Structures are given as C-alpha cells and as structure tokens.
Amino acid sequence: MDTESWKFLRSVCLLSFLIGSCFVYQSLRVVVAQDEGTEPAVTLQVNASNGAGRLIPETLFGIFFEEINHAGAGGLWAELVSNRGFEAGGQNTPSNIWPWSIVGDQSSVYVATDRSSCFERNKIALRMDVLCGNKGCPPGGVGVYNPGYWGMNIEEGKKYKVALYVRSTGDIDLSVSLASSNGSLTLASEKIIASASDVSNWTKKEVVLEAKGTDHGARLQLTTTKKGSIWIDQVSAMPVDTYKGHGFRNDLYQMMSDIKPRFIRFPGGCFVEGEWLSNAFRWKETVGPWEERPGHFGDVWKYWTDDGLGHFEFFQLAEDIGAAPIWVFNNGISHNDEVETATIMPFVQEALDGIEFARGDANSTWGSVRAAMGRKEPFELKYVAIGNEDCGKTYYRGNYIVFYDAIKKAYPDIKIISNCDGSSRPLDHPAEYYDFHIYTSASKLFSMYHQFDRTSRKGPKAFVSEYAVTGKDAGKGSLLAALAEAAFLIGLEKNSDIVEMASYAPLFVNTNDRRWNPDAIVFNSSHLYGTPSYWVQRFFAESSGSTLLTSTLKGNSSSLVASAITWKNNEQDYIRIKAVNFGATSVNMKVLVTGLDPNVMKVSGSKKTVLTSTNVMDENSFTQPEKVAPHESLLEMAEEDLTVILPPHSFSSFDLLKESAKIRMTVSDSSSTL
C-alpha cells in the first residue's frame with residue numbers, strides 16, 4: 001500500500017471513531033439527563049409570601065367509626081367474650097347460645113337458657129345441669145366454653161379480668177380457665193368456691209388470670225366436677241391492659257391515633273338506621289353498668305353486639321384521642337320504615353336526652369347517669385348529625401326541621417349536619433353542614449379532585465364524611481385506590497374554605513367477618529396492618545389547622561395533582577409539598593418557591609416520603625403488612641435547584657424547614673418510615 005492510500009485509510013478510520021464516539025456520548029448524555037431530571041416535565045409554582053396563604057380548618061381530617069366488620073365488638077372494644085349475656089339468641093327460650101358450646105358430652109352436662117336473670121333489661125341466663133359427679137366426670141370437669149370472636153388472643157405474662165354472675169341451689173366449685181383453642185392446654189386457671197347460702201341469689205364473682213402461655217385462638221372455660229345445677233349470666237373477660245384502662249384494644253387504638261384525627265364521627269352509618277327501626281342503635285340501651293345493657297342485633301351488618309362500646313365509651317374515645325365528637329343519631333327513619341313527622345317528638349326527645357347525657361350538669365336527669373358511670377364533668381359535644389343518608393326519604397325534611405328547631409332552642413351553639421348534599425344546589429332547610437358521601441372507581445375519584453372547585457362559598461359547609469374507592473379497582477385495599485383517594489384529599493385540602501371535614505370509610509375490618517371492602521385497618525385477634533388507604537391518611541396528619549399555600553402546576557400535568565402547606569412542629573415552620581403521580585411513567589417536577597428572599601434561599605438536602613409499589617394493584621396482608629407503605633429517604637440535589645422525580649403510580653411528600661427566612665430540606669435517616 002502506498003503512502004497516500006495509507007493516509008486516506010487512516011483518516012477514514014479516525015473519522016469513523018469520532019462519529020461513533022459522538023453518537024455514544026450523545027446517547028449517554030440523553031440517558032443521564034433523563035435520569036437526573038435535568039429537563040423537568042412539570043413545574044410546581046408555590047407562593048410562600050407572608051399572608052399569601054389561607055388557614056385550613058382545624059377539623060379538616062378525622063375518622064368515621066361505624067360498628068361494621070366487627071370494628072367494635074371483637075375489635076376496638078377489648079371484651080373477649082362474645083354473647084356474654086346469652087341474649088343473642090333472642091328473648092324466647094330455649095334459645096341458641098352460639099358461640100358458647102359445652103365441655104363434655106350430653107350424658108355429663110345439659111345446658112339451656114331461661115328467663116331467670118336478675119337484670120330486667122336482659123332476662124336471659126344459662127342453666128347448666130352437671131349430670132356427672134366427682135368420680136364420674138372427666139378429670140378436667142364439664143361445663144361451657146366461649147371462643148370469643150374467632151379466638152381470644154391470650155399472651156404469656158399478661159393478666160385478664162374475668163367477671164360473671166352465678167346462682168346455684170347447692171355448693172359450687174367452678175374452675176375459670178383460659179385454655180388453648182381445643183381446650184387441651186390450660187393457660188391460666190382460678191377457682192370460684194362458694195357455699196349454697198352464698199350463691200342462693202345471683203352473686204357477682206371476679207377473678208384475675210395471669211397467662212402462663214400464649215395462644216392467639218384461645219377460649220374461656222367454665223367447668224366443674226360437682227354434680228348439681230348452676231345458673232350463669234353476664235360473663236366478661238377483659239385484658240387488664242387496655243388504653244388508659246378505658247377498655248380499648250391498645251394496638252388498634254394506636255393505629256387510629258397515629259392518623260391524628262381532629263374529629264370522630266360515630267356510631268354509624270347504616271348501623272344507626274337499621275334495616276328496621278326495631279334494630280336501630282338506641283343510645284339509652286348502651287349506657288349504665290355493662291351487665292344491664294341488653295345488646296342488640298345490628299340487622300344491616302348482620303351480627304349481635306353486646307354494646308359494651310356504648311354512648312359513654314364513644315365520648316370517652318373521642319376525648320382520649322383528642323378528637324371532636326360528632327354524634328349521628330336516628331331521626332325516626334330506617335332502611336325500611338319511617339316515623340311520620342306528626343309523631344316524631346319521642347325521637348326528638350331521645351336526641352335531646354342524648355345531648356344532655358354528654359353535656360348536662362351532673363345533677364341533670366341524664367347528666368346524673370353519666371356521673372354515676374364515673375364522669376361528673378361534661379363531655380365536649382359541638383356537632384350532631386340528624387340521620388344518615390336519609391335525604392330522599394319521605395319524612396326526612398319534615399322530621400329534620402323538628403329536630404333542628406328543638407336542638408337549636410336547647411343548645412344554640414351546637415352545629416347541625418344535614419343528610420342532603422348542598423354541593424351542587426342550595427339546601428332548602430337550615431344547617432351548618434351538609435353531608436357528602438362518595439364511593440366510586442379510582443379514575444372517577446381521581447377526577448373528583450376538582451369536585452368542590454365551583455361549589456358556592458355561601459351557606460353551610462361541606463362534610464365529606466364517607467369517601468373511598470370501591471369495586472374492582474380497590475380489591476381489599478390496593479395502591480391504585482389509595483392514589484385516587486390521595487388526589488381527592490388534596491382537592492379537599494385546596495377547597496377547605498368550603499369543605500371543613502372529611503373522613504374515610506370504613507375504618508376497621510376484622511378479617512373474619514368482612515362486610516365491606518376495602519377498609520383502612522385490617523385485624524384479627526392478635527395482628528393488624530394498615531391498607532395503602534390508611535397510609536394515605538397519615539400523609540395528611542399535619543394538614544388540619546395548617547396554612548394552604550397557593551400552588552400551580554405548569555406543563556403536562558393531566559396525571560398529576562399537587563399542593564403545598566405550611567405547618568408548625570415544635571415551634572419550627574415547615575413547607576410540605578405533596579404530589580400524586582397517577583400515571584404509568586416517572587415525572588420530573590421542578591418546585592419554584594416564591595415569596596422568599598432568593599439570596600438566602602438554600603437547599604442543603606431533602607427528605608422525601610414516597611408511597612408506591614411495583615404493581616398498582618398491590619395490597620398489604622398479614623404476611624406482608626408493609627408491602628405498600630411509605631418510605632423516607634434522602635434526595636440529593638443542586639443547591640440552586642429543587643427538582644424531584646415522581647415515580648409512576650406514587651404519592652410523594654417533601655418537607656422543607658424554614659429557618660430565618662431561608663429554606664432547607666430536612667434530612668432524615670433513609671431507613672426510617674412514616
């Protein structure tokens with residue numbers, strides 16, 4: 001090859017190398033730019049000027065407790081015995097005593113109900129005829145057992161108080177035991193021994209059992225080897241350790257408390273109405289000593305409640321959790337029958353009495369009942385709701401006016417909530433609030449971010465007391481449902497000049513009796529977890545009473561929703577940015593905060609909290625309780641820029657700490673969670 005040809009070939013190779021290198025460099029540069037988010041797809045503009053924000057109501061986010069899914073009976077209320085007074089089978093005898101069952105066989109023990117109880121409001125008691133004697137009975141004796149609500153959670157070293165009423169025609173030697181699920185292992189046991197003269201009349205007996213082992217599916221047993229007849233009634237077994245000794249299951253209470261609810265709406269819901277008025281929740285049947293409460297069958301959700309969690313306990317719960325109580329009472333209307341307005345006054349008086357029970361002086365008629373229960377000081381009660389989802393019923397408006405006038409006359413400061421929706425047209429009756437319920441698909445609820453944008457700011461405020469994604473989008477609690485709910489809540493936050501309260505529904509579900517899907521907190525006798533919808537509510541824990549900042553998204557933001565608030569913690573001011581990416585691709589979002597001196601604005605790091613997962617239909621479970629849960633991590637960025645990456649199908653928040661007129665992102669351990 002001659003010299004000229006060699007030079008030419010060398011030039012061609014060099015040129016090819018340079019072209020290839022340039023192509024590789026350009027490709028790498030594009031990838032890096034995309035990864036680093038150097039070209040933000042959207043910009044969130046936030047005005048942080050002094051005085052530019054609007055205060056969010058102190059009551060904006062709370063909780064709604066309904067007796068559904070065994071939320072209370074077999075749930076938050078820590079009573080371990082189910083059907084403790086044998087009333088669930090009805091007032092006719094003999095009756096079904098389920099879930100009670102016998103220890104032994106029919107040749108050794110015979111049980112039946114009769115109407116011999118000493119309690120006038122619940123006359124049913126259990127008679128137990130022991131047919132075997134000391135030598136003929138099995139070694140452990142014969143009797144009855146109660147498995148509680150799908151098994152009692154008995155833990156080694158913990159104490160349990162058992163109380164019961166007994167009567168007999170002879171001496172008694174009764175073993176009170178906590179045993180394993182099949183009765184083969186005794187976890188704790190004490191004896192009740194009494195002479196015939198001591199128990200010839202109904203007598204209350206109490207023992208404290210300390211567990212020597214653990215069984216999450218245990219049962220309570222009452223057994224004897226002594227021949228004769230024993231009557232038993234009003235059997236209770238409670239953990240000694242409940243929240244403040246008030247009867248609330250500690251772990252469920254803590255999960256609820258961590259939401260930091262500003263109000264609690266109770267006790268329903270449809271539970272208040274009943275399928276028929278004869279089975280509606282009647283507050284007067286739920287106060288006084290627990291032994292005297294008759295209990296009732298909730299015919300909407302199809303199970304019996306002993307009503308240990310009653311009117312008094314709901315107000316105590318509200319006070320313990322630091323939330324304003326919102327009492328929902330029956331207005332003479334059920335799902336299937338109604339009281340005419342002309343004869344509604346007895347129901348009105350029942351509501352007035354219920355308010356007096358909470359707020360009345362200890363010397364008043366119903367305040368004295370509260371005082372006798374150990375509470376002389378009145379409870380706080382500023383909100384009541386007249387009925388639940390009854391607006392379309394024949395007599396609702398007529399009944400409502402009678403209730404409204406009577407309550408305002410006696411308690412002019414109480415704020416009254418109507419069942420009728422006033423978001424699209426004005427109400428035709430007086431109210432301080434109107435109720436708004438929405439259960440729908442994920443895409444629909446996401447689009448309802450703007451639901452209250454055009455609602456009139458005149459007249460009563462909105463109370464979104466029930467919202468959730470339901471149906472196939474929700475499953476038993478999916479990420480997809482939670483993201484749509486997060487967007488909806490951001491919309492409520494931005495419209496909090498008209499929306500003053502909002503709560504998810506339902507709050508609890510015992511996994512053994514799902515009457516509704518999805519729910520916020522799932523539990524059984526011993527374990528629990530929060531669904532993604534629960535974790536979304538935790539993102540809004542600081543919103544109530546904070547300041548909403550004006551914020552605007554610029555760019556292609558059809559799948560994005562974002563907001564900004566300022567709030568205080570330990571005398572320090574924070575800005576929190578929240579953003580939902582409802583789309584299937586990552587989005588780079590630049591945050592521009594105006595109204596602060598740019599010369600002193602510094603970004604020294606950041607804390608981000610992100611709720612997401614690999615699949616939008618992912619759910620949590622007992623085996624993977626935090627498969628979909630928020631995670632905090634550090635996000636490094638340039639000092640002069642605040643650009644964040646919003647993962648696909650995610651809900652993110654970013655906390656900025658304001659110090660002496662400058663901003664920096666708070667730094668946190670990347671291994672921590674919300």
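What you see is a predicted model; the values in this text were computed from it and never measured. Numbers here simply count residues along the sequence, with the first being 1.
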* Does the pair N83 and D306 meet the rule for a side chain to side chain donor-acceptor pair (under 3.5 Å), with working shown? -> CA-CA 7 Å; N83 188 20; D306 290 312; over 6 Å; no

* Any residue meeting side chain to side chain contact (heavy atoms under 4.5 Å, CB included) with A406, in chain and number order, not counting sequence neighbours -> V348, L352

* Applying side-chain hydrogen bond (donor to acceptor under 3.5 Å, both in side chains), name anything that partners S424, two or more places apart in sequence or on another chain. => none

* To do: Look at the rings of H311 and W283 and say which category their plane angle falls in: under 30° parallel, 30 to 60° tilted, over 60° perpendicular.
  => tilted

* Should V561 and F582 count as side-chain neighbours, where that means a heavy-atom distance under 4.5 Å? -> no

* **Salt-bridge criterion met for D258 and K260 (N-O under 4.0 Å)** => no

* To do: Please check if the side chain of H450 supplies one atom and the backbone of D453 the other of a donor-acceptor pair under 3.5 Å.
  => no

* Using a 4.5 Å cut-off on heavy atoms from C-beta on, say whether the side chain of E66 contacts that of N388. => no

Please tabulate, one pair per line, all N/O donor-acceptor pairs under 3.5 Å involving side-chain atoms of residues 471-478, not counting sequence neighbours.
residue: D473; atom: OD2; partner: A442; partner atom: N; Å: 2.8
residue: S478; atom: OG; partner: D473; partner atom: O; Å: 2.6
residue: S478; atom: OG; partner: A481; partner atom: N; Å: 3.1

* To do: Over 60° means perpendicular and under 30° means parallel, so classify the ring planes of Y433 and F463, tilted if in between.
  => perpendicular

* Structure fact -> Applying side chain to side chain contact (heavy atoms under 4.5 Å, CB included) to T341 and not counting sequence neighbours gives Y395, N399, V402

* Asked: Within a radius of less than 6.0 Å around CZ of R425, do more than 12 heavy atoms belonging to other residues, nucleotides or ligands occur?
  -> no

Enumerate donor-acceptor pairs with a distance under 3.5 Å from any side-chain N or O in residues 407-414 to protein atoms, sequence neighbours excluded.
residue: K408; atom: NZ; partner: P412; partner atom: O; Å: 3.4
residue: K408; atom: NZ; partner: I414; partner atom: O; Å: 2.7
residue: K408; atom: NZ; partner: E432; partner atom: OE1; Å: 3.3
residue: K408; atom: NZ; partner: E432; partner atom: OE2; Å: 3.4
residue: D413; atom: OD1; partner: R359; partner atom: NH2; Å: 3.1
residue: D413; atom: OD2; partner: R359; partner atom: NH1; Å: 3.0
residue: D413; atom: OD2; partner: R359; partner atom: NH2; Å: 3.4

* Considering residues at least two apart in sequence or located in another chain, which fulfil the disulfide bond (SG atoms under 2.5 Å apart) criterion with C420? -> C391

